[in-house]
There are 2 protein chains.
Amino acid sequence: MSKKRLFDDPCGIARALNAVGERWALLVVRELVFGPKRYSDLHRGLPQMSQNVLAQRLRELEADGLVRRRRLGPPAPAAVYELTERGQELEPVLRALAHWGSRAPLPEDGAAELSVDALLFALRATFDPALAGELSLRCQLDVAGDRFRITVAGGRLELDRGEHAEPEAWLTVPEAATLRDLVFAGAALHDAVERADTEVAGDTARLAALLRCFPAAVRYPAPQDPGPPDPVSPGPVSPGPESPNAEHPDPAVSARSRRG
Amino acid sequence: MSKKRLFDDPCGIARALNAVGERWALLVVRELVFGPKRYSDLHRGLPQMSQNVLAQRLRELEADGLVRRRRLGPPAPAAVYELTERGQELEPVLRALAHWGSRAPLPEDGAAELSVDALLFALRATFDPALAGELSLRCQLDVAGDRFRITVAGGRLELDRGEHAEPEAWLTVPEAATLRDLVFAGAALHDAVERADTEVAGDTARLAALLRCFPAAVRYPAPQDPGPPDPVSPGPVSPGPESPNAEHPDPAVSARSRRG
DNA sequence: CGGCATCCTTCAAGATACTG
DNA sequence: CAGTATCTTGAAGGATGCCG
């Protein structure tokens, strides 16, 4: 149990990175922000993370008081991991990263699935009150069997696991990619319904309005600085906002590969 | 120039970490938030970072469009690194991390110096409007020769490199640790002045009030969960001592080692 | 001297297999 | 299901060399 490699720097940023700066650590926290999960669920949400590293990160996060291991049962002797209070306080960090990262380029090989929790957290992080305006809606969401409740009111969005007592709209999608395309790739709701992989009910007009409250992420242009003697020009990184669509290179992946 | 190790995950958090998740990357950004710096200044602010890693991080940050290398001169052929617009947009991320990390435990061996920019950014991140109340002040700050201007008004704090046209108060400290003790360790202003390592002028009453607007960082308590029958993990990491203050082990290091 | 590039060592991360 | 054990790869750390 060798001591973890730490920044010897009293700066708060360095101290934070001492706790969550190791590779995968913040993604593990991301998988837990919506509630406790078992080891295998964590592994499902982060399939590219090797298991020994996952186990090690969990031990470190537990030692630092960000994650708590709880044993359920005895009927079903399953262990779950959940964020402590201290761990939940990382949400502003995740939110800031997700907001910034939503304008970062996608990795080239779009082979990876988007985990359900990752997608839902992206909604939390990229909700734009200006786009919401006066919209008010209680929506019940089902993504591949995971149920979430969304509440929009007063320019604010709440999003948690659970059930609304009296939803005004329902949206059921078979997998995360379907919702991803609806929200971030501008896929039309009625198209998804016609392909029969999506179900809607209730106030579909306001539901469609809700889906438009999340500004689509765009690739920002490469640091092409073709050498003008422009010492401090504001221009070069302007993310060419005149391309409101053209997001995911393959919006056709939506319908397929229903999991067993 | 082997390709960087990337998360193949379309989640915004993962995409952000692909840009700034490597070790030291965010600390390099921290050193640049207050303005351009030369390579050697960066190295001074991050003495524990080996130079090859610094050069590599700078190349990666430049390739990702977060940092721009600019050549000054020709009279003085010095190169400086500065944040692009995109890089400056990381400030909310740094702020969230610094705020969270200000309540994380200090590394055991407090041997490290706090870089000037790190300390000043900590002020930005931990300023508490509630503690400021109706305080209003323009203060000129000199930390080891680096000059900053602070403006507090309407429960907001601005802090940048530069000079106030008409400051209402002045504070001059010989090194970062002195200001650190004044702000975060509760050192008294008049004591510092009497030790002759600190100079104040102008409205010292409001200056003292300003210094009290930054809640001191404390070690957060161990994951004490005394309630449920938790058979596993007896919580061996409890840092134990309930010393509510006693922050910096050696508040006597303030006066000494003026750099040539 | 500032600004890196190179070489070598060490240790974390990645992949796979295996066990209670 | 929930991890641990083992092996390989590759990034970080440290020293030194080089070049304008």
Side-chain angles (χ1 to χ4, degrees), chain A residues 1-9 14 17-18 20-28 31-32 36-63 67-82 112, chain B residues 1-9 14 17-18 20-28 31-32 36-63 67 69-82 112 231-233 259-260:
Chain A
M1 187 163 280
S2 56
K3 293 195 66 89
K4 222 171 46 174
R5 172 177 65 160
L6 298 176
F7 296 109
D8 182 15
D9 186 329
L17 293 175
N18 279 339
V20 295
E22 301 290 318
R23 191 165 170 81
W24 294 105
L26 279 173
L27 298 182
V28 171
E31 288 296 309
L32 293 173
K37 280 192 176 180
R38 289 174 305 168
Y39 187 90
S40 51
D41 294 321
L42 287 169
H43 181 54
R44 244 184 297 281
L46 298 165
Q48 315 226 20
M49 183 182 191
S50 55
Q51 310 209 23
N52 49 5
V53 178
L54 172 56
Q56 185 179 337
R57 279 305 95 85
L58 286 170
R59 263 183 271 124
E60 293 165 357
L61 292 171
E62 193 183 359
V67 160
R68 181 170 30 221
R69 179 206 248 108
R70 195 153 43 106
R71 205 155 265 287
L72 296 181
V80 293
Y81 294 90
E82 65 185 356
Chain B
M1 188 173 268
S2 58
K3 291 195 66 92
K4 222 172 44 174
R5 172 179 65 160
L6 298 176
F7 295 109
D8 182 15
D9 186 330
L17 292 175
N18 279 339
V20 294
E22 301 289 319
R23 191 165 170 81
W24 295 106
L26 279 173
L27 298 182
V28 171
E31 288 295 310
L32 293 174
K37 279 191 176 181
R38 289 174 307 168
Y39 186 89
S40 51
D41 295 321
L42 287 169
H43 183 235
R44 243 184 298 281
L46 298 165
Q48 316 226 16
M49 183 182 191
S50 55
Q51 308 209 20
N52 49 6
V53 178
L54 173 56
Q56 185 180 336
R57 279 306 95 86
L58 285 170
R59 261 183 273 123
E60 293 164 359
L61 291 172
E62 194 183 358
V67 160
R69 179 204 250 107
R70 194 154 45 107
R71 207 154 263 287
L72 297 180
V80 293
Y81 294 90
E82 65 185 356
V232 86
S233 92
R259 66 175 192 187

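Remember, predicted model here, so these are calculated numbers, not experimental data. Just so we're on the same page: letters track the sequence lines, and every chain starts at 1.
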[atom1]-[atom2] distance between [X] and [Y], expressed to the nearest 0.5 angstrom:
X	Y	atom1	atom2	result
B:Tyr39	B:Leu54	OH	CG	4.0 Å
B:Lys4	B:Gln56	NZ	CD	9.5 Å
B:Leu58	B:Trp24	CG	CH2	13.0 Å
A:Arg57	A:Arg23	CZ	CZ	10.0 Å

Among [options], which nucleotide has an atom closest to any side-chain atom of [X]?
X	options	result
A:Glu22	C:dA12, D:dA2, D:dA12	C:dA12
A:Trp24	C:dC4, C:dG14, D:dG14	C:dG14
A:Ser50	D:dA12, C:dG14, D:dG3	C:dG14
B:Asn52	C:dA12, C:dT6, C:dA5	C:dT6
B:Tyr39	C:dC4, C:dG14, C:dT6	C:dC4
A:Gln56	D:dG3, C:dA13, D:dA12	C:dA13

Which whole-number value in Å describes the distance from [X] [atom1] to [N] [atom2]?
X	N	atom1	atom2	answer
B:His43	D:dG13	NE2	P	12 Å
A:Leu6	C:dA12	CG	P	11 Å
B:Leu46	D:dG14	CG	P	14 Å
A:Gln51	D:dT6	CD	P	17 Å
B:Leu27	D:dA12	CG	P	13 Å
B:Leu61	C:dC4	CG	C1'	16 Å
A:Leu54	D:dA5	CG	P	16 Å
B:Leu17	C:dA13	CG	P	14 Å

Taking only side-chain nitrogens and oxygens of [X], does any of them come within less than 4.0 Å of OP1 or OP2 of [N]?
X	N	result
A:Arg59	D:dT4	yes
A:Arg5	C:dT10	no
A:Arg23	D:dA11	no
A:Arg69	D:dG3	yes
A:Tyr81	D:dG3	yes

Mind checking B:Ser40 for me? I need base, sugar-phosphate or nothing, with any heavy atom below 4.0 Å counting as a touch.
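Answer is sugar-phosphate: B:Ser40 comes under 4.0 Å of backbone atoms only.
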Test item: B:Gln48 side-chain N/O and A:Asp8 main-chain N/O as donor-acceptor pair under 3.5 Å
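Yes, the answer is positive, given that a donor and an acceptor are paired below the 3.5 Å cut-off.
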Does the A:Asp9 side chain pair with the main chain of A:Ala14, one donor and one acceptor, at a distance under 3.5 Å?
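Not confirmed, A:Asp9 side chain does not pair with A:Ala14 backbone.
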Nearest-nucleotide 5' precedence on DNA chain D, B:Arg57 against A:Arg38
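Looking at the nearest nucleotide for each, A:Arg38 comes out on the 5' side.
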